[in-house]
Q: 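Once you've had a glance at the structure underneath, I'll fire off some questions.
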Amino acid sequence: MPLSFTKRPSLVAYVTCGDPDLATTRDVVLAAIEGGADVIELGVPFSDPVADGPVIQRASERALKHGTTLDQVLKLSAEVRKRSQAGLIIFSYLNPIMRMGISRFCAAASEAGIDGALITDLPVEEAGDHLHEMRKRNLASVFLAAPTSTDQRLQCIANASTGFVYAVSRTGVTGVRKQLPKDARDLVRRIRSHTKLPVAVGFGISTPEQFAAVGEFADAAVVGSAIVETIERNPGKEPEAVAEFIRQLTAVRSQLSAGSAKG
Amino acid sequence: MATATIPKGKTPARGKKPAGSTAVPGRFGVYGGRYVPETLMAALEELEREYERARRDHSFQQRLGELLRQYAGRPTPLFFARRLTEKLGGPKIYLKREDLLHTGAHKINNCLGQALLVERMGKHRVIAETGAGQHGVATATVCALFGFECVVYMGTEDMRRQELNVFRMRLLGAEVRRVDSGSRTLKDAINEAMRDWVTNVRTTHYLLGSVLGAHPYPTMVRDFQMVIGREARAQILKAEGKLPTAIIACVGGGSNSIGIFHEFINDRKVQLTGVEAGGRGERLGEHAARFRGGSPGVLQGTYSYVLQDEAGQIAATHSVSAGLDYPSIGPEHAWLNDTGRAEYVPASDSEALEACTLLARSEGIIPALESAHAVAELVKRAPKMKKSDIVIVNVSGRGDKDVGILRENLKLQD
């Protein structure tokens, strides 16, 4: 099972596929893994990304300008899978998946060597059909847990999740923040009372200090907007820039003398 | 927690055949539901609980009724349009005059209801989206009335074409925030409002203006708008002693139309016709006729008909009327369409503009461009109907806000 979180913290790296183009995304993903990313979230660009801040909104627009599709993202995944055993998660809004058909999507994702999927605007209540199909194809179903989620909801999220639980560090959209909110630590503690699954914390993490801080209480940190911004700022040398950025982030792991490994 | 949407300690439908359309309340056939990021779920559950309580609370209903009468100006007249009836030479035509309401459109019905809920929930900050500006103005108005902080999101394209309403909102003390993403219209304003809500959900209520979005909005907004149909039904029975042959209303998100349709749904003989924006052509991107070019999908929290491309990306839309310029439609309309209980037809930009002049000159009523789409359908249909037939057209709003667009588009003789 490539979805392993043996380092502390493990790094889940998000990229918007097709930004600036699919070939670059492939090289960026491989460079990110080389640089120390443990799991890659392959973001499917969507025309109406309500959960995303300006950085990922811009990336989605760039990717959609030349017509990036879910089909293409799955092809890209297969290419990455040929060269790497890192965990691969599809990160998408629901409509592109619904348009493809959940059954066809799961079959194609499984074929492409994808390990799981997270659908931003699909809460557990609406996920019945999806869970059924994903289980059939042995795809992990990753759900978001939020600081506003009640304990009752966290229980449902824990029950429906496989692979890991994605803890949203704060209320808000994706994007870089100066400080890691207190909400995050509380939320991870609450999630852990419902499940033994690894917990990844995302939204707003961009610096080695924040990355290290997440390692104190969670299994993994998700870094998205900061990577997407690195891609945006380094036209023509995106893979090198991302690899360098990730090396800086993960360098703190050796200093942490990380011990507690989880599977 | 009193919420009952998820059985405790159980995941719905896990490992067995999915529970499908009945797993969550707020479904209309297969349509509707609640498709939002997890951060918003608790707020939607709270809103649903609070609304359910308020709905059954006599004092809530009484206060809402009072506000609708004394502040908004209900009931609105059902006016017999004698000259228009003679001109078209077909059925007797009645106009439901929502345009006479305070703030100039039906939107105030819903805003007053939600404002009372905001007060019950103890929140002080209200956000809203607006297309034509009618919902924005109504929201700014109730926020002034209740003393709430108010932020309205509006696409820059809509701010340009509905300039007057932008000023009205500011005059009422609301902050109007420009939305420069996507097509810079209603859909993008909703995206931005949702981003604000997901960030400030603990203190803020999202006063959604149509029968769109995640449950409970489509049901709750419909309930607040049903007063239109309740009045119209009693009024036509009093005036004519029988039910109308047909009811015609325009459909953007679909709140004025569902508001007037709902009371008649069980009167199977009454034809219900929703009029969508046919825009300037039939190609994707040229119109907002969801039932002509759309297919089922999820946008902004709900499962309904959506104008989209092969890959599931939401399509651009066009309409001369900002209030109808939206790629999806309320989920209850999707259900009424599929079951055949209501039919949906498009009217083009030019047909709507023409209908606007027609109503202005035959009855002295300048309708909003949105409502003019309903009048346009009436013009097409009247010659095919009998003189003994009766049609009610919902004039959902007044055209004051549109005089700039009308002046640009109509070459009137001096």
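Each chain gets a letter, A, B and so on, in the order the sequences are listed, and its residues count up from 1.
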Q: Can you sort out the partners of S210(B) under side chain to side chain contact (heavy atoms under 4.5 Å, CB included), two or more places apart, ordered by chain and number?
A: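 Counting only residues at least two positions away or on another chain, S210(B) forms a side chain to side chain contact (heavy atoms under 4.5 Å, CB included) with K107(B), L212(B), S255(B).
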Q: Anything under 3.5 Å between a donor and an acceptor, one on a side chain of residues 45-52 of chain A, the other on a protein residue two or more places apart or in another chain? List them.
A:
| from | atom 1 | to | atom 2 | distance (Å) |
| --- | --- | --- | --- | --- |
| S47(A) | OG | I314(B) | N | 2.9 |
| D48(A) | OD1 | K187(B) | NZ | 3.2 |
| D48(A) | OD2 | K187(B) | NZ | 2.7 |
| D48(A) | OD2 | N191(B) | ND2 | 2.8 |
| D52(A) | OD1 | T174(A) | OG1 | 2.8 |
| D52(A) | OD2 | Y93(A) | OH | 2.7 |

Q: So what's closer than 4.5 Å to chain B heavy atoms on L64(A): side chain, backbone, both or neither?
A: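 Looking at L64(A), just its side chain touches chain B.
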Q: R125(B) and V151(B): side chain to side chain contact (heavy atoms under 4.5 Å, CB included), yes or no, with the steps?
A: CA-CA 8 Å; R125(B) 183 173 180 268; V151(B) 174; 3.9 Å; yes
Q: Quick one: which of F291(B), F28(B), Y344(B) gives a ring pair (Phe, Tyr, Trp, His ring centres under 6.0 Å) with Y305(B)?
A: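 By the ring pair (Phe, Tyr, Trp, His ring centres under 6.0 Å) criterion, Y305(B) pairs with just one of F291(B), F28(B), Y344(B): F291(B).
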Q: Pick from M194(B), Q300(B), E310(B): which one has the most heavy-atom pairs with chain A under 4.5 Å?
A: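 So the answer, after comparing M194(B), Q300(B), E310(B), is E310(B).
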Q: Taking side chain as everything from C-beta outward and backbone as N, CA, C, O, which of these in V36(B) sits under 4.5 Å from a heavy atom of chain A? Side chain, backbone, both or neither.
A: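 Interface part for V36(B): backbone (N, CA, C, O).
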Q: For the pair F91(A) and Y166(A), name the ring-plane relationship: parallel under 30°, tilted 30 to 60°, perpendicular over 60°.
A: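 Tilted, since the angle between the ring planes falls between 30° and 60°.
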Q: Please identify, among N200(B), D309(B), V306(B), the residue contributing the most non-hydrogen atom pairs under 4.5 Å to chain A.
A: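 Ranked by contacts with chain A, first place is D309(B).
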Q: Considering only heavy atoms, which portion of L144(A) lies under 4.5 Å from any heavy atom of chain B: side chain, backbone, both, or neither?
A: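 For L144(A), backbone and side chain are both near chain B.
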Q: Could you tell me if N159(A) and Q155(A) have a donor-acceptor pair between their side chains, going purely by distance under 3.5 Å?
A: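 Yes, N159(A) and Q155(A) have a side-chain donor paired with an acceptor closer than 3.5 Å.
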Q: Does any backbone or side-chain atom of D196(B) lie under 4.5 Å from a heavy atom of chain A? Answer side chain, backbone, both or neither.
A: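 No part of D196(B) comes within 4.5 Å of chain A.
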Q: In terms of heavy-atom pairs under 4.5 Å, which option from L40(B), V298(B), V201(B), D188(B) contacts chain A the most?
A: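 Top option by heavy-atom pairs under 4.5 Å: V298(B).
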Q: Between R62(A) and T16(A), does any side-chain donor sit less than 3.5 Å from a side-chain acceptor?
A: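 No, no side-chain donor-acceptor contact under 3.5 Å.
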Q: Would you mind checking which part of V168(A) comes under 4.5 Å of any heavy atom in chain B, side chain (CB onward), backbone (N, CA, C, O), both or neither?
A: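 Contact with chain B involves the side chain of V168(A) alone.
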Q: Below 4.5 Å from any heavy atom of chain A, which atoms of I190(B) appear? Answer side chain, backbone, both or neither.
A: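 The answer is neither part of I190(B).
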Q: By a 4.5 Å heavy-atom criterion (distance strictly below it), what part of M100(A) contacts chain B: side chain, backbone, both, or neither?
A: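 Neither; nothing under 4.5 Å.
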